[in-house]
Amino acid sequence: AQSVTQPDIHITVSEGASLELRCNYSYGATPYLFWYVQSPGQGLQLLLKYFSGDTLVQGIKGFEAEFKRSQSSFNLRKPSVHWSDAAEYFCAVDAGSNYKLTFGKGTLLTVNP
Amino acid sequence: GAVVSQHPSWVICKSGTSVKIECRSLDFQATTMFWYRQFPKQSLMLMATSNEGSKATYEQGVEKDKFLINHASLTLSTLTVTSAHPEDSSFYICSAWGLAVGDEQFFGPGTRLTVL
């Protein structure tokens with residue numbers, strides 16, 4: 001069965017600093033990969049996804065992620081973090097099983113002014 | 001993006017009672033809906049997949065008699081927690097997918113269930 005690891009439970013960055021959230025997956029083939037953001041009172045919002053093709057994926061809100069097959073990773077990045085980015089971020093994979101997602105445990109992002 | 005709502009957003013009930021949570025796709029037809037459970041500081045765990053007009057498919061370890069799922073229409077799925085106990089207290093989240101929204105599923109805001 002596939003699994004997703006987000007090694008960082010909580011990350012704190014200063015506003016304007018760059019951000020990288022790590023995600024590693026375990027699966028025999030290349031799954032579909034997703035990053036979601038969860039804010040209090042809001043449903044999970046899709047930031048970006050990778051299915052195939054260009055391994056650098058651009059998403060909403062200035063986020064991007066890079067798929068590295070050799071490292072089984074799909075790390076999320078943002079060059080300059082805004083205070084409104086403070087939220088919980090989840091990496092997820094779909095191993096081709098009809099949209100069933102397996103989520104990582106999430107990374108809580110705190111942004112200091 | 002498409003909108004999925006959940007009702008109620010939070011509910012408190014006594015042990016032994018049943019609670020129904022609704023998940024609605026507001027602006028698209030949801031062929032498939034998913035129900036997740038999220039514990040504090042934990043990931044979302046898929047509980048079951050429901051296709052409109054069919055019986056739900058439950059993940060391993062999820063009690064189908066305890067968590068009753070009905071997907072009677074293309075815009076509504078319900079999760080009923082029967083004979084709820086304190087250990088059922090959790091955050092329940094639904095998501096919905098339909099052909100019209102392509103390869104993305106849309107998530108509801110979640111329902112916080114507290115069983116006393």
Side-chain angles (χ1 to χ4, degrees), chain A residues 1-11 21-26 30-53 57 59-61 65 87-110, chain B residues 1-10 21 23-28 30-52 54 56-62 91-112:
Chain A
Q2 66 270 21
S3 65
V4 181
T5 302
Q6 292 181 247
D8 303 305
I9 297 173
H10 187 189
I11 284 182
L21 302 183
R22 295 182 290 165
C23 173
N24 293 93
Y25 66 90
S26 172
T30 299
Y32 300 150
L33 298 158
F34 304 82
W35 273 101
Y36 288 89
V37 59
Q38 184 182 37
S39 300
Q42 307 284 326
L44 272 78
Q45 182 180 24
L46 180 67
L47 289 174
L48 45 76
K49 60 193 176 191
Y50 173 78
F51 286 0
S52 65
V57 180
I60 62 171
K61 303 185 179 185
E88 184 112 33
Y89 291 80
F90 291 93
C91 180
V93 303
D94 172 2
S97 55
N98 296 323
Y99 300 98
K100 288 168 60 174
L101 296 177
T102 299
F103 285 85
K105 290 191 174 182
T107 298
L108 179 63
L109 174 65
T110 298
Chain B
V3 180
V4 175
S5 69
Q6 280 185 245
H7 178 79
S9 55
W10 59 270
I21 301 169
C23 177
R24 294 182 184 272
S25 57
L26 299 185
D27 49 6
F28 69 100
T31 310
T32 304
M33 287 186 170
F34 303 90
W35 286 95
Y36 296 85
R37 184 173 179 177
Q38 185 180 26
F39 292 101
K41 309 297 184 185
Q42 297 285 328
S43 178
L44 284 76
M45 300 298 296
L46 180 65
M47 299 174 65
T49 303
S50 72
N51 292 302
E52 186 265 338
S54 303
T57 302
Y58 291 81
E59 296 299 302
Q60 193 172 10
V62 177
F91 195 53
Y92 292 89
I93 300 173
C94 73
S95 69
W97 175 86
L99 283 172
V101 295
D103 52 22
E104 179 180 348
Q105 55 184 280
F106 291 86
F107 287 80
T111 297
R112 172 74 60 194

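These numbers were taken from a predicted model, which means no experiment stands behind them. By convention in this document, chain letters (A, B, ...) are assigned in the order of the sequence lines, proteins followed by strands, and residues within each chain are numbered from 1.
Q6(B) places a side-chain N or O within 3.5 Å of a backbone atom of G110(B) that can act as its donor or acceptor partner. A donor-acceptor distance shorter than 3.5 angstrom exists from the side chain of D27(B) to the backbone of V3(B), with no hydrogens or angles considered. A donor-acceptor contact shorter than 3.5 Å links the side chain of T111(B) to the backbone of P8(B).
In this structure, chain B has a heavy atom under 4.5 Å from the side chain of Y36(A), while its backbone stays farther away. Proximity to chain A (any heavy atom under 4.5 Å) is restricted, for E59(B), to the side chain, taken from C-beta onward. For F91(B), the part lying under 4.5 angstrom from a heavy atom of chain A is the side chain only. For a residue to count as touching a neighbouring chain, one of its non-hydrogen atoms must lie under 4.5 Å from one of that chain's; by this rule L44(B) touches chain A with backbone and side chain alike. With a 4.5 angstrom heavy-atom cutoff, F106(B) does not touch chain A via any of its atoms. For chain B, no part of Q6(A) is nearby; none of its heavy atoms comes within less than 4.5 Å.
Between F103(A) and Y36(B), the angle of the ring planes goes over 60°, which puts this pair in the perpendicular group of the 30/60° scheme.
Once rounded to the nearest 0.5 Å, the distance linking CG of L33(A) with NZ of K49(A) reads 12.5 Å.
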